[in-house]
Amino acid sequence: MSKTVRTRFAPSPTGFMHVGNLRTALYEYLVAKSLGGQFILRIEDTDQERKVEGAVDMIYRTMKRAGLIHDEGPDIGGEYGPYVQSERREMYLPYAKQLIEMDKAYYCFCTKERLDMLRENADEPGAGYDRHCRNLSPQEVQQKLSEGVPYVIRQKMPLEGTTTFEDAVYGTISVDNSELQDQILIKADGYPTYNFANVIDDHTMNITHVVRGSEYLSSTPKYNLLYEAFGWEIPTYIHLPLIMGKNDDGSTSKLSKRHGATGFEDLVKLGFLPEAIVNYIALLGWAPKDNQEIFSLSELTEKFSIDGISKSPSIFDYDKLEWFNGEYIKAMTVEQFAAAAEPYFRKALGDAPFDYLKLASILQQRTTKLTDIPEKIAFFAEQPDYDKELFVNKKSKTTLENVPALLKAGVEALEALPEWTHDSIHDCLINLAVTLGVKNGTAMWPVRIAASGMTVTPGGAVEILDILGREESLRRLHKGLEKLAN
RNA sequence: GGCCCGGUGGUCAAGCGGCUAAGACACCGCCCUUUCACGGCGGUAACACGGGUUCGAUUCCCGUCCGGGUCACCA
């Protein structure tokens, strides 16, 4: 019987849920769930300076909206708590001291100023810490400690040899130990660094699969040295290719705020549906065995496999996201769509009593983003001032010469209608075309233009007249007639 | 700069020694149509380069080039 798979999502509460982070969370969820395992949420707040008010709530909210339900976490507890690093603060120092006893770590009393100077004076970039305190005598250390000199604890890296590890995505990776810095494990404020807390927590929380972005690939050997020092089992590593954004100069770099709306909530505000976002980012770095593109979260869970994860970075493409969004919108029932679109209807129409279901039915097939709705329907509330040139359309064979008569005939026919319904308007205008001996388009174009004042509208003349209602429709048509007379 | 990783159309991507190198988005054209969409059909467009290995390389190896990541008392 093998161990239960456990993955964790460990965001730091900075008040922003980047889609890159969300994708990582999604894959962590999928790795766990596709293997029948558990998905844990842990808050990494060891940096007090970056802590942001309300950020944790935003994480909960985002995860919930994305459908990534965790099995253990600060809000719901679990047997490996606490799940907030600041609350585990006391756990880390003993482990660090244990490392010191094993000669795998040491006290460092260097001041921040000295380190800054070191960096400034370095000939080569990335020269790093000079290991100044690595070989202090026990007496010196005792002395400074008793004097209360502030200290940090650093990991004592081997000076020679190489460290090799297996990654489920990238394969075997080895790094010369001489490349590894004596990184800080415990900060002067007593908090652990991410580098240390992460290892201690993953082990004590029984995390079996560490899923994270490939930016951690080069620091993984350092973590392994820690696992080895403690004699702990090394987890399965699954490093994910990065999501990139396009820069102004055409180059690309790790997706960040400067690439525009990259926060989950930003995208939702832009009119993207959470399910569409999740679907899209699932496919950014992973591909199924077949060609399926539309996936619900449960289908993803079913089809997901680690060997489908790719190694090369991918660029976040808003066009493709929009396509997914459109697909999700089209898959809704009209009622669902009307409900989702309602806020945008209100935005454009205020409290005007339009039939939202009818609006939804003409809009649904042509909407890719909910935020596009208001501008498409604003003319229902208030007709824009338009130029009579709009009546001219080559394909519909309408000209300034024939339109007045066409529109007049249309108005008369419509005015004679006993009832004002979609079907009656439709039949009326179709009959009109027959009577006049012109194509449908020729009869409809002037009516639609006069009713809307726009060349491009959602729905045709019939739908627009129906939604507008008899009174307003006829008012607009007469206005069109006047405009043409001048 | 050192180290690590990557490199199939503009983008996401199949491919895992032998294929006319899939598919999707975007783009273009045609059809449908009362506009625009939707939908249908079709089209343009790719294995970074140079050496090997092999009967045969997109696929394996090496080098070059290009791209990215990383070198914090941030995570």
Side-chain angles (χ1 to χ4, degrees), chain A residues 10-12 14 44-47 49-50 108 110 112 115-116 119 123-129 150-154 167 169-171 173-176 178-181 183-189 191-195 197-198 212-221 239 241-242 244 246 251-254 280 283-293 308 310-324 326 330 362-368 376 393 395-396 426 429-430 433 439-445 447-449 452 454-464:
Chain A
S12 54
T14 58
E44 308 220 331
D45 60 347
T46 55
D47 185 353
E49 288 174 25
R50 293 213 310 179
C108 170
C110 291
K112 204 156 183 179
L115 297 178
D116 288 342
R119 221 164 291 141
D123 309 333
E124 299 153 29
Y129 179 56
Y151 65 87
V152 300
I153 296 177
R154 287 182 184 270
D167 181 84
V169 174
Y170 290 92
I173 294 173
S174 16
V175 175
D176 284 341
S178 60
E179 293 293 328
L180 308 177
Q181 302 277 322
Q183 64 176 348
I184 291 174
L185 268 17
I186 301 287
K187 299 186 257 189
D189 65 5
Y191 277 86
T193 57
Y194 161 84
N195 294 310
N198 157 265
R212 49 153 85 123
S214 66
E215 68 264 38
Y216 292 103
L217 223 33
S218 44
S219 40
T220 299
H239 284 93
L242 263 17
M244 316 289 283
K246 224 183 217 109
S251 65
T252 59
S253 54
K254 194 161 77 162
Y280 174 59
L283 263 20
L284 231 39
W286 173 79
K289 299 267 186 283
D290 56 18
N291 267 330
Q292 186 174 346
E293 292 213 276
S310 78
K311 298 181 194 181
S312 42
S314 46
I315 296 170
F316 191 85
D317 181 12
Y318 289 91
D319 282 339
K320 185 97 187 205
L321 209 210
E322 254 191 73
W323 176 78
F324 273 105
K330 278 177 244 162
I362 61 169
L363 243 16
Q364 188 171 8
Q365 295 306 109
R366 60 199 94 214
T367 301
T368 53
K376 283 183 176 159
N393 180 262
K395 205 175 142 203
S396 298
H426 175 267
L429 291 177
I430 295 292
K439 289 174 51 171
N440 291 343
T442 311
M444 305 267 194
W445 182 276
V447 176
R448 192 176 60 83
I449 297 300
S452 66
M454 319 240 302
T455 50
V456 175
T457 57
V462 177
E463 289 77 19
I464 292 170

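Every chain is numbered from 1 and lettered A, B, ... according to where its sequence line falls, protein lines coming before strand lines. Atoms considered below: every heavy atom in the structure, side chains included; atoms not considered: hydrogens, waters and symmetry mates.
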**Q.** Options U34(B), C4(B), C74(B), nucleotide nearest the side-chain atoms of I173(A)
**A.** C4(B)
Q. Which value, in whole Å, describes the distance between the C1' atoms of nucleotides G1(B) and A57(B)?
A. 35 Å
Q: For Q183(A) and U70(B), give me the distance from atom CD to atom P, rounded to whole Å.
A: 15 Å
Q: Evaluate the side-chain proximity of I430(A) to M444(A): yes if any heavy-atom separation is below 4.5 Å, no if none is.
A: yes
Q: Measure from the side chain of W445(A), starting at C-beta and using heavy atoms only, and say which of U35(B), A13(B), C73(B) lies closest.
A: U35(B)
Q. Are D317(A) and K320(A) within salt-bridge range, i.e. N to O under 4.0 Å?
A. no
Q: Would you mind reading off the distance between K311(A) atom NZ and C4(B) atom P, rounded to a whole angstrom?
A: 15 Å
Q) Is there a side-chain contact (heavy atoms from CB on, under 4.5 Å) between R212(A) and H239(A) once you walk through the steps? A) CA-CA 5 Å; R212(A) 49 153 85 123; H239(A) 284 93; 3.2 Å; yes
(Q) From CG of N195(A) over to C1' of C71(B), roughly how many Å is that when rounded to an integer? (A) 12 Å
Q. Which whole-number value in Å describes the distance from I464(A) CD1 to U35(B) P?
A. 12 Å
Q. Can you check side-chain contact (heavy atoms from CB on, under 4.5 Å) on L217(A) and I173(A), steps first, answer last?
A. CA-CA 9 Å; L217(A) 223 33; I173(A) 294 173; 3.7 Å; yes
(Q) When you measure from the side chain of Y129(A) to the backbone of L115(A), do you find a donor-acceptor pair of N or O atoms at a distance under 3.5 Å? (A) no
Q.
Looking at T46(A) and Y191(A), would you say the former's side chain and the latter's main chain have a donor-acceptor pair under 3.5 Å?
A. no
Q. To the nearest 0.5 Å, how far apart are NZ in K246(A) and OG in S253(A)?
A. 12.0 Å
Q) Reckon V447(A) touches a base, only the sugar-phosphate, or nothing at all at heavy-atom distances under 4.0 Å? A) nothing
Q. U34(B) base to R448(A) side chain: any donor-acceptor pair below 3.5 Å?
A. no
Q.
Taking T442(A)'s backbone N and O only, do any of them form a donor-acceptor pair with S396(A)'s side chain (distance below 3.5 Å, no angle check)?
A. no
Q: Say whether, by atom type as modelled, one donor and one acceptor occur between the side chain of D290(A) and the main chain of Q292(A) under 3.5 angstrom.
A: yes
Q. Is there a donor-acceptor pair under 3.5 Å between the side chain of S12(A) and the backbone N or O of T14(A)?
A. no
**Q.** Rounded distance in Å - CD (E179(A)) to P (C3(B))
**A.** 6 Å
Q: Using a 4.5 Å cut-off on heavy atoms from C-beta on, say whether the side chain of W286(A) contacts that of S314(A).
A: no
Every protein N/O lying under 3.5 Å from an N/O of nucleotides 40-44 of chain B:
none

Q. Just how far, in rounded Å, is C1' of C4(B) from CD of Q181(A)?
A. 14 Å
Could you pull out the protein-nucleic contacts involving nucleotides 61-68 of chain B (nitrogen or oxygen on both sides, under 3.5 Å)?
unit_1	atom_1	unit_2	atom_2	d
G68(B)	OP1	T252(A)	O	3.0

Q | Short side-chain N/O contact from S396(A) to OP1 or OP2 of U35(B), under 4.0 Å | A | no
Q.
Can you check the distance between C30(B) and U35(B), where both ends of the measurement are the P atom (answer in whole Å)?
A. 15 Å
Q: Quote, to the nearest angstrom, the C1' distance that separates C25(B) from G67(B).
A: 23 Å
Q) Is the side chain of R448(A) donor-acceptor paired with the backbone N or O of T455(A) at a distance under 3.5 Å, no angle test? A) yes
Q) Of C108(A) and N393(A), whose closest RNA chain B nucleotide lies nearer the 5' terminus? A) N393(A)
Q. If you measure from the C1' atom in C19(B) to the same atom in C62(B), how many Å do you get, rounded?
A. 27 Å
Might you list the N or O atoms of the protein lying below 3.5 Å from N or O atoms in nucleotides 22-32 of chain B, with each pair's distance?
unit_1	atom_1	unit_2	atom_2	d
A22(B)	N1	N291(A)	OD1	3.2
A22(B)	N3	N291(A)	ND2	3.4
A24(B)	O4'	E293(A)	OE1	3.2
A24(B)	O2'	E293(A)	OE1	2.4
A24(B)	O2'	K320(A)	NZ	2.9
A24(B)	N3	K320(A)	NZ	3.1
C25(B)	OP1	W323(A)	NE1	3.3

Q: Identify which nucleotide among C12(B), A75(B), U35(B) has an atom closest to any side-chain atom of T457(A), counting heavy atoms from C-beta outward.
A: U35(B)
Q: Give the rounded distance in Å between these two atoms: CD1 of I362(A) and C1' of U33(B).
A: 16 Å
Q) Using atom P of each nucleotide, how far apart are G56(B) and C4(B) to the nearest Å? A) 33 Å
Q.
Measuring only the C1' atom in each nucleotide, how far is G15(B) from U58(B)? A whole number of Å is fine.
A. 8 Å
Q.
Judged by each residue's nearest nucleotide on RNA chain B, which is more toward the 5′ side, I315(A) or E463(A)?
A. I315(A)
Q. What integer number of Å spans the C1' atoms of G10(B) and A26(B)?
A. 8 Å
**Q.** Interatomic spacing from CG in L185(A) to OG1 in T193(A) - rounded to 0.5 Å
**A.** 5.5 Å
Q: Using a 4.0 Å heavy-atom cut-off across all strands, classify Y216(A) as base, sugar-phosphate, or nothing.
A: base
Q | Gap between atom CD of Q364(A) and atom NZ of K330(A) - 0.5 Å precision | A | 9.5 Å
Q. With respect to the side chain of A461(A), which nucleotide from A37(B), U34(B), A75(B) is positioned closest?
A. U34(B)
Q.
Counting only side-chain nitrogens and oxygens, does K330(A) get under 4.0 Å of the OP1 or OP2 atom of G39(B)?
A. yes
Q.
Closest approach to the side chain of E215(A), judged atom by atom: which nucleotide of U11(B), G69(B), A13(B) is it?
A. G69(B)
Q: Ignoring backbone atoms, test whether R119(A) places a side-chain nitrogen or oxygen under 4.0 Å from the OP1 or OP2 oxygen of C73(B).
A: yes
Q. Would a 4.5 Å heavy-atom cut-off, applied to side chains only, mark L321(A) and F316(A) as touching?
A. yes
Q) Considering only U70(B), C3(B), U34(B), which nucleotide approaches the side chain of S218(A) most closely? A) U70(B)
Q.
Nearest to the D47(A) side chain among C74(B), C36(B), C73(B), which nucleotide is it?
A. C74(B)
Q) Hey, does G459(A) reach any base, or is it just sugar-phosphate, or nothing, if we go heavy atoms under 4.0 Å? A) base
Q. Can you find a side chain N or O atom of K187(A) that sits less than 4.0 Å from OP1 or OP2 on C74(B)?
A. yes
(Q) Just the rounded figure in Å: distance from C1' of A72(B) to CG of L180(A). (A) 16 Å
**Q.** Nearest-Å distance once atom C1' is located in both C49(B) and G7(B)
**A.** 12 Å
